[in-house]
Amino acid sequence: MALNSKKRPETVDDYILGQPVQVRKRLEELRSTIRKAAPGATEKIGYSMPAYTYKGMLLYFAAHTNHISIYPYPSAMEAFKKEIAGYRTSKGTMQFRHSDKLPMRLISDIVKFRVRENELKVESKRTSGKPSKNKNGE
């Protein structure tokens, strides 16, 4: 369960401001890294968490009592399986304890992977003749 989840945030700013002070800086750093790695991405709230889309969903993140999680989808988890071996993970989630430094280079690489993956999916649909759902491919 996310921290301070009593009120549903409407924006990523709301989400970050709703977290304890000591967690906010980490979330802002994470947000900045994601934005730099995916400058064309749209930021929104999904499932009451910050979410990023670019030609489809890229990833989510959330603050929890003892850690921050990112949810970059199973394909990214598989692609970076060696790099993430030292972190607590599940099929589509990575956890970073509050006591540990966030691996921003790794997170950036994962976001860039997801951007490329979504671009390839859109291109594949275009070349196969299947129309995308909307102009952003979402």
Side-chain angles (χ1 to χ4, degrees):
M1 173 168 235
L3 294 175
N4 294 343
S5 59
K6 293 174 197 133
K7 183 182 175 223
R8 295 175 71 97
E10 293 183 24
T11 66
V12 175
D13 286 327
D14 292 343
Y15 183 90
I16 291 172
L17 287 172
Q19 305 306 318
V21 175
Q22 64 274 21
V23 177
R24 288 182 202 160
K25 182 177 182 200
R26 293 168 60 77
L27 295 176
E28 285 291 357
E29 186 180 10
L30 177 58
R31 179 189 202 184
S32 177
T33 297
I34 293 168
R35 288 171 139 179
K36 286 177 187 167
T42 300
E43 186 176 75
K44 66 180 191 173
I45 294 292
Y47 302 107
S48 296
M49 298 181 288
Y52 295 84
T53 62
Y54 174 77
K55 299 186 181 199
M57 185 54 67
L58 290 175
L59 76 155
Y60 299 84
F61 70 78
H64 301 274
T65 303
N66 297 312
H67 64 276
I68 291 173
S69 292
I70 65 168
Y71 306 89
Y73 287 79
S75 58
M77 302 298 290
E78 180 62 28
F80 289 88
K81 117 170 94 175
K82 284 196 306 191
E83 294 87 343
I84 65 174
Y87 298 99
R88 186 173 196 165
T89 63
S90 69
K91 184 177 177 182
T93 308
M94 291 180 65
Q95 294 181 1
F96 309 105
R97 292 186 308 243
H98 290 310
S99 59
D100 295 337
K101 187 174 187 219
L102 291 171
M104 292 305 176
R105 176 67 181 246
L106 174 59
I107 292 168
S108 178
D109 289 346
I110 289 170
V111 173
K112 289 174 183 176
F113 170 85
R114 291 287 298 131
V115 165
R116 284 190 306 274
E117 187 173 46
N118 283 358
E119 288 173 339
L120 290 172
K121 284 180 186 174
V122 169
E123 183 61 31
S124 174
K125 285 180 183 176
R126 191 173 305 136
T127 59
S128 70
K130 293 180 185 175
S132 59
K133 293 179 184 174
N134 65 30
K135 67 181 181 178
N136 294 321
E138 299 177 355

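For E29, the side chain to side chain donor-acceptor pair (under 3.5 Å) test picks out no residue, with sequence neighbours left out. Considering only residues two or more places apart in sequence or on other chains, R88 meets the salt bridge (Lys or Arg N to Asp or Glu O under 4.0 Å) condition with none of them. With sequence neighbours left out, F96 forms a ring-ring contact (aromatic ring centres under 6.0 Å, His included) with Y87.
Between T33 and V111, every side-chain heavy-atom pair lies at or beyond the 4.5 Å cut-off. The side-chain heavy atoms of M77 and I84, taken from C-beta on, include a pair separated by under 4.5 Å. In this structure the side chain of F61 reaches within 4.5 angstrom of the side chain of L27, judged on heavy atoms. At a threshold of 4.5 Å between non-hydrogen side-chain atoms, the residues S75 and F113 count as touching. Here the side chains of Y52 and T42 are not in contact, with every heavy-atom distance at 4.5 Å or above. Side-chain contact between M94 and I110 is present, with at least one heavy-atom pair separated by less than 4.5 Å.
The side-chain hydrogen bond (donor to acceptor under 3.5 Å, both in side chains) analysis of residues 105-116, with sequence neighbours excluded, yields the pairs R114-E117. Applying the salt bridge (charged side-chain N to carboxylate O under 4.0 Å, His left out) test to residues at least two apart or on different chains, the pairs with a partner in residues 77-86 are E78-K81. Residue pairs meeting the ring-ring contact (aromatic ring centres under 6.0 Å, His included) criterion with at least one member in residues 28-50, sequence neighbours excluded, are Y47-Y60.
Looking at T127, its side chain does come within 3.5 Å of a backbone N or O of E123 through a donor-acceptor pair. Between the side chain of T53 and the backbone N or O of G56 there is no donor-acceptor pair closer than 3.5 Å. For H98 (side chain) and H64 (main-chain N/O), a donor-acceptor pair under 3.5 Å exists by modelled atom type.
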Worksheet item: So I68 and R26, side chain to side chain contact (heavy atoms under 4.5 Å, CB included) or not? Walk me through it.
Response: CA-CA 9 Å; I68 291 173; R26 293 168 60 77; 3.7 Å; yes
Worksheet entry | side chain to side chain contact (heavy atoms under 4.5 Å, CB included) between Y71 and T93, worked out | CA-CA 5 Å; Y71 306 89; T93 308; 3.3 Å; yes
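Between L102 atom CG and I107 atom CD1 the span is 5.0 Å, to the nearest 0.5 Å. For the atom pair NZ of K55 and CG of L120, the computed distance is 10.0 Å after rounding to the nearest 0.5 Å.
For the pair S48 and P9, the tightest heavy-atom approach, listed with the atom from each and the gap, is O-CG, 3.9 Å. The shortest heavy-atom contact between Y73 and M57 is OH-CG, 2.9 Å. Annotation for A63 and Y15: closest pair N-OH, 2.8 Å, computed over non-hydrogen atoms. In terms of heavy atoms, V115 sits closest to A37 at CG2-O, 4.3 Å. Of all heavy-atom pairs between A41 and L58, the closest is CB-CD1, 3.9 Å. The two residues L30 and M104 make their nearest non-hydrogen contact at N-CE, 3.6 Å.
Ion pairing of D13 with R31 is present here, as a side-chain N (NZ or NE/NH1/NH2) and a carboxylate O approach within less than 4.0 Å.
For CD of E10, the number of neighbouring non-hydrogen atoms (other residues, nucleotides, ligands) closer than 6.0 Å is 12 at most.
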